[in-house]
Amino acid sequence: MIPLVLPATSEARRPFVCRVRDNLEDVSDEADALVIDSDPAEYFLSGRDGAFAVGRGDTTSLAGDVLLVDPDGGRAERIFRHGSRHNTLLVTERCDQLCVMCSQPPKKTHVDRFTYFEEACLLSAPDSLIGISGGEPTLYKQELFRLIERTAEFRPDVGFHILSNGQHFTADDIDRLRQPVYGNVIWGIPLYAATPSLHDEIVGKTEAHARLLDSFASLMRAGARVELRTVLLSTNVASLPQLAQFITRHLGFIECWSIMQLENIGFAKNRWSNLYVDHRRHFEEIATAIDAAQMRHIPVRLFNFPRCTVPAHYRDLAPASISDWKRKYAPACGGCTEREACAGFFEWHPDVDLVGVTPL
Ligand code: SF4
């Protein structure tokens, strides 16, 4: 796996954000830190917050990375990795749902790092699309809105893709979300079933379906950009065609519908045998749902589906969706002509599924 946290030593008195430069000519901001030396174990840097050292891990260069260095914790978090399309800010670990398959089970405590994240966004690479996730980011809705708006003020080229459970949008947000800066924001919001009781059961919260529909009404009136997300589960796969009908009837404003394969981590790890649907054997319901959505011009994507496991007719809907730092391939993938376009597997996916991989 690509390391996202590296050991670091610094005599600074507080955590600080910096952007790594390895060439003096590239230094353009007071928050830039220059690599002045390195050895096989560490990079040595100098910047606004003094001299500091960062462990190399198995990196070949940190140039262009934006780091949050925590002197007391002895660590540097690679908030943005230069050249990666998968940079995500984890803004909170709190959540007000308890989804049965949650990949990042929530915690009760919150550490507010919005100030650091705002600094980092201003240092991000040109035209970045920055992911924001949690926990539930909109539990800190005002801080989140401020982060988006302040970034847009100085960096209108930066966009955001924000994962939210959609429980906290109200009519009071409509005017704010109508501002042009929110044209750069896509909200990734899950809906697991058309039937309220099934959706509520999956997310572990009563009335969640009803609240979600109220949020969608506000988002629609605000002209917000929404990517609808549905994780494939043994409990909802049979009702996927019904969900597709519901979406075409009531949620036609969404930009796209992402059907997502399950991730073997968090709560799903111990519930895998109960929740996982092998789509290679059960593609019929998925195909019916896709056809229904596409007939009404709603784009569909298949996330976390290795391309060779998807019937040829639907294969182009399956992009390389798994973040580079947590993606792996089967030994047989080496000879595959579609590897560049393929999601592969999560690093933690059971190896047993890798055996049957057939290169394209
Ligand atoms: S063989 Fe590997 S790289 Fe090719 S489509 Fe299958 S999983 Fe993807």
Side-chain angles (χ1 to χ4, degrees), residues 97 99-103 161-167 169 186-205 207-221 223-263 268 274-307 309-322 343:
Q97 293 191 159
C99 297
V100 67
M101 69 306 195
C102 180
S103 60
H161 181 275
I162 304 173
L163 297 180
S164 168
N165 62 21
Q167 292 292 295
F169 296 98
I186 301 172
W187 302 94
I189 299 179
L191 175 62
Y192 298 117
T195 311
S197 57
L198 179 54
H199 176 87
D200 291 359
E201 183 188 317
I202 291 170
V203 303
K205 183 179 173 186
E207 300 294 318
H209 190 274
R211 181 80 270 290
L212 182 54
L213 294 193
D214 283 348
S215 281
F216 280 139
S218 296
L219 289 165
M220 184 172 66
R221 286 172 59 202
R225 302 173 63 193
V226 172
E227 173 211 6
L228 197 72
R229 304 189 135 207
T230 304
V231 174
L232 198 61
L233 299 164
S234 59
T235 48
N236 69 357
V237 62
S239 61
L240 219 52
Q242 187 194 357
L243 178 58
Q245 297 293 347
F246 182 88
I247 292 167
T248 58
R249 276 196 205 118
H250 303 291
L251 300 173
F253 75 100
I254 63 170
E255 269 194 20
C256 66
W257 182 24
S258 302
I259 300 172
M260 310 181 65
Q261 190 44 288
L262 190 60
E263 193 172 347
N274 287 333
L275 294 178
Y276 180 67
V277 176
D278 186 344
H279 59 266
R280 292 171 298 187
R281 295 187 184 87
H282 301 279
F283 206 83
E284 207 173 297
E285 295 93 340
I286 303 170
T288 305
I290 294 172
D291 294 346
Q294 287 186 328
M295 259 178 52
R296 295 301 185 95
H297 308 290
I298 292 178
V300 181
R301 294 181 302 189
L302 296 171
F303 277 5
N304 318 335
F305 285 68
R307 286 171 75 86
T309 64
V310 175
H313 180 68
Y314 298 98
R315 195 167 289 149
D316 281 349
L317 304 180
S321 54
I322 297 177

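On a predicted model such as this, the values are computed, not experimentally measured, just so you know.
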side-chain contact (heavy atoms from CB on, under 4.5 Å), that's the test. Do E284 and L240 meet it? Break it down for me. CA-CA 10 Å; E284 207 173 297; L240 219 52; over 6 Å; no
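- In the displayed structure, R221 atom CZ is contacted under 6.0 Å by at most 12 heavy atoms of other residues, nucleotides or ligands.
- In summary, K205 and E207 do not engage in a salt bridge, as defined by a charged side-chain N under 4.0 Å from a carboxylate O.
- For the pair V277 and S234, the tightest heavy-atom approach, listed with the atom from each and the gap, is CG2-N, 3.3 Å.
- In this structure, the side chain of R307 engages the main chain of A318 through a donor-acceptor pair within 3.5 Å.
- Distance alone, capped at 3.5 Å, places no donor-acceptor pair between the Q245 side chain and the A292 backbone.
- With D200 contributing its side chain and H209 its backbone, the two residues share a donor-acceptor pair below 3.5 Å.
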Could you check R301 against M260 for side-chain contact (heavy atoms from CB on, under 4.5 Å), going step by step and ending with a plain yes or no? CA-CA 8 Å; R301 294 181 302 189; M260 310 181 65; over 6 Å; no
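- Atom CZ of R296 has 12 or fewer heavy atoms from other residues, nucleotides or ligands within 6.0 Å.
- Using a distance-only test at 3.5 Å, with no hydrogens or angles considered, a donor-acceptor pair links the side chain of S164 to the main chain of G166.
- Judged as a ring-ring contact (aromatic ring centres under 6.0 Å, His included), and not counting sequence neighbours, the contacts of H279 are F305.
- A pairwise comparison of heavy atoms in V300 and A293 identifies CG2-CB, 3.6 Å as the closest pair.
- Remark: I254 CD1 to T248 OG1 distance equals 9.5 Å, nearest 0.5 Å.
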Any chance you could lay out the side-chain contact (heavy atoms from CB on, under 4.5 Å) test for Q242 and T195, step after step, and finish with the verdict? CA-CA 9 Å; Q242 187 194 357; T195 311; 3.8 Å; yes
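- Rounding to the nearest 0.5 Å places OH of Y276 at 8.0 Å from CG of L262.
- When the options L232, T309, V310 are evaluated for a side chain to side chain contact (heavy atoms under 4.5 Å, CB included) with L302, the one that passes is V310.
- At least one donor-acceptor pair under 3.5 Å links the side chain of S321 to the backbone N or O of N304.
- Looking at heavy atoms from C-beta onward, E285 lies out of side-chain contact with N236 at the 4.5 angstrom threshold.
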Kindly determine whether F303 and R229 satisfy side-chain contact (heavy atoms from CB on, under 4.5 Å), including the steps that lead there. CA-CA 9 Å; F303 277 5; R229 304 189 135 207; 3.5 Å; yes
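- Expressed to the nearest 0.5 Å, how far CG of L191 lies from CD1 of I247 amounts to 6.0 Å.
- A donor-acceptor pair is defined here as one N or O able to donate and one able to accept, closer than 3.5 Å; such a pair exists between the side chain of H199 and the backbone of Y192.
- Judged by distance alone, the side chain of D291 and the main-chain N or O of T288 form no donor-acceptor pair under 3.5 Å.
- The CD atom of Q261 sits 8.0 Å away from the CG atom of D278 when rounded to the nearest 0.5 Å.
- Contact check for E255 versus E227: no side-chain heavy atoms found under the 4.5 Å cut-off.
- Looking at every heavy atom in both residues, T235 comes nearest to L198 through O-CD2, 3.5 Å.
- Taking the six-membered ring wherever Trp is involved, the centroid distance between the rings of F216 and F169 does not fall below 6.0 Å.
- Heavy atoms only, all atoms of each residue included: A208 and V203 are closest at CB-CG2, 3.6 Å.
- Here the CD1 atom belonging to I186 is positioned 7.5 Å from the SG atom belonging to C256, to the nearest 0.5 angstrom.
- Within the model, atoms CG of N165 and OG of S215 stand 8.5 Å from one another, a figure rounded to the nearest 0.5 Å.
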